[in-house]
Amino acid sequence: MRIKHFATSLLAVILLLSSCSTPKNITYFQDLGNESIIQAEQQLDIRVKPEDKLMIMVTTQDPALSSLFNLLQVQNRLSATTTTTSSVGTSINNGNLQISYYTVDSYGDITFPVIGKLHIGGMRRDEVSNYIAERLINDDLVKDPIVTVEFANTGISIIGEVTAPGRYEFNKDRLSILDALAMARDLTPNGMRENVTVIRETEKGKQQAYRIDLTDMSSITSSPVYYLQQNDVIYVEPNDKKKRETTPNGNTPYTPSFWVSMGSFGVTIATLIVTISNK
C-alpha cells in the first residue's frame, strides 16, 4: 500500500508542476529587444474603392458659390428630407442643412456638381481633395476653394477570440492591425496569437487570406495587412482548450485531477495484480 500511495503522490506532483508551467504563446512581440527599431515594410493608406461613401465639402469666400458644389439636404418641419442626390447618413449639420454623401460607383467614379463625372478610384483622401480643387480652379469656377474630404463608411470587422468582436468604423488615413485589435479590447486568453487571419477583398472581387503571428513583430511589420483597408475582416482563431469546450467531455481529460484519478486507478490495478500473483 505504501508503493501505491507513493506512486499516486509522485504522479500528482508531476502533473501539478506541469500544469503550472508558463505558456510561451501568450506574450506579444517576443522577438523585440531593448530599443528595437520597428518599421513597416509597406506604408498603406486608405484609398477610394467602389461603393465607398465620401463626404466632400467645398468652402469659398462666397457662401452662395459654395452651395453650388455641395450636396445639401433640406429638412422640413415634419423631418422629411428632399435632396438632389441619394445619400446615406449625414456628416455635417448646419441648422436645417446637411451635407450628403457621394457613393463611388463600380468604375471608381462620382458625379460632382457643375463639373460632372470624376474618376477618383484608387486615390487617397488628400489626393481627392487636391484633384477636385484643381478642377474647380482650372475650369474657372472657383479661385480659392477649400475642399474637405472624409470617408463615411470606412470599417473593418473583428471576429473570433477578442474581448469585443464587431464591426468598427474609423476615419483615419492609416490603421494598423494593432490599432484594430486595441479597438476590440485585445485578444482573450483563449485566442491563438500565432495564427491571426486577415481576409481582404481583391480588385477582382475575390477574397485573399493572410496570416499573422502576433508573437513575432517582424512577421507583423512585413505583412501586407499590417495596415488595414476598408472592409477587411480579422479573425482570431480559438486555441485547442477553447475548441474542446464545445465537446461533451470538454477539457476533462486534460485536467490534473483527471490524470491523478487515472494514475490512482492504474496503481490500484497494478497492486491488485501483484497481490494476486503472490498468492
Heavy-atom side-chain contact between [X] and [Y] under 4.5 Å:
X: Thr154; Y: Asn171; result: no
X: Leu228; Y: Ile234; result: yes
X: Ile120; Y: Leu54; result: yes
X: Ser129; Y: Val147; result: yes
X: Asp139; Y: Val114; result: no
X: Arg211; Y: Asn195; result: yes
X: Asn153; Y: Tyr101; result: no
X: Ile156; Y: Met183; result: yes

Review point. Residues two or more places apart in sequence or in another chain: which of them pass ring-ring contact (aromatic ring centres under 6.0 Å, His included) with Phe112?
Key: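 Result, ring-ring contact (aromatic ring centres under 6.0 Å, His included) vs Phe112: Tyr102.
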Point to revise | Partner residues of Glu169 under the side chain to side chain donor-acceptor pair (under 3.5 Å) criterion, sequence neighbours left out | key: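 With neighbours one apart ignored, the set is Arg167.
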Review point. Would a hydrophobic clustering, with Ile, Leu, Val, Met, Phe, Trp and Tyr connected at side-chain separations under 4.5 Å, put Leu175 with Leu178?
Key: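 Linked, Leu175 and Leu178 end up in one cluster.
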From [atom1] ([X]) to [atom2] ([Y]), nearest 0.5 Å:
X: Glu161; Y: Leu187; atom1: CD; atom2: CG; result: 8.0 Å
X: Met192; Y: Thr197; atom1: CE; atom2: OG1; result: 9.5 Å
X: Ser222; Y: Met217; atom1: OG; atom2: CE; result: 10.0 Å
X: Asp52; Y: Gln230; atom1: CG; atom2: CD; result: 4.5 Å
X: Ser100; Y: Met55; atom1: OG; atom2: CE; result: 11.0 Å
X: Ile110; Y: His119; atom1: CD1; atom2: NE2; result: 11.0 Å

Would a distance-only check, ignoring hydrogens and angles, find a side-chain to backbone donor-acceptor pair under 3.5 Å from [X] to [Y]?
X: Ser223; Y: Ile220; result: no
X: Asp109; Y: Asp105; result: no
X: Arg125; Y: Val149; result: yes

**Study point:** side chain to side chain donor-acceptor pair (under 3.5 Å) partners of residues 54-65, not counting sequence neighbours, each pair once
**Key:**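 Residue pairs with at least one partner in residues 54-65: Thr60-Ser66, Gln61-Asp144.
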Check your understanding: Which pairs pass salt bridge (Lys or Arg N to Asp or Glu O under 4.0 Å) with one or both residues in residues 110-123, sequence neighbours excluded?
Key ->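 As it turns out, there is no salt bridge (Lys or Arg N to Asp or Glu O under 4.0 Å) pair with a partner in residues 110-123 once direct neighbours are skipped.
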So which atom in [X] and which in [Y] form the shortest heavy-atom distance, rounded to 0.1 Å?
X: Thr103; Y: Lys53; value: OG1-NZ, 3.1 Å
X: Glu201; Y: Lys49; value: O-NZ, 4.3 Å
X: Tyr168; Y: Ile158; value: CD1-CD1, 3.9 Å
X: Pro145; Y: Ala133; value: CG-O, 4.0 Å
X: Tyr210; Y: Arg200; value: CE1-CB, 4.3 Å
X: Leu68; Y: Pro113; value: O-CB, 3.3 Å

Practice item. Verify the neighbour count for atom CD1 of Ile115: are there more than 12 heavy atoms of other residues, nucleotides or ligands below 6.0 Å? Key: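 It does: Ile115 CD1 has more than 12 such atoms within range.
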Check your understanding: Under 3.5 Å, is there a donor-acceptor pair linking the side chains of Thr215 and Glu194?
Key ->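 Glu194 and Thr215 do not have a side-chain donor-acceptor pair below 3.5 Å.
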**Study point:** Residue list, salt bridge (Lys or Arg N to Asp or Glu O under 4.0 Å) with Glu237, at least two apart or on another chain
**Key:**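 Partners of Glu237 under the salt bridge (Lys or Arg N to Asp or Glu O under 4.0 Å) test: Lys243.
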Review point. Quick one: which of Glu127, Lys172, Gln229, Arg124 gives a side chain to side chain contact (heavy atoms under 4.5 Å, CB included) with Asp45?
Key: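 Exactly one option meets the side chain to side chain contact (heavy atoms under 4.5 Å, CB included) with Asp45, and it is Arg124.
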Review point. When clusters are formed from ILVMFWY side-chain contacts under 4.5 Å, directly or step by step, what else is grouped with Ile159?
Key: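 Direct or chained contacts put Ile159 with Ile199, Val233, Tyr235.
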Exercise for review: Could you check Phe69 against Val142 for side chain to side chain contact (heavy atoms under 4.5 Å, CB included), going step by step and ending with a plain yes or no?
Suggested key: CA-CA 10 Å; Phe69 306 101; Val142 182; 3.5 Å; yes
Point to revise | Step-by-step side chain to side chain contact (heavy atoms under 4.5 Å, CB included) determination, Ile46 to Phe170 | key: CA-CA 11 Å; Ile46 298 296; Phe170 64 95; 3.9 Å; yes
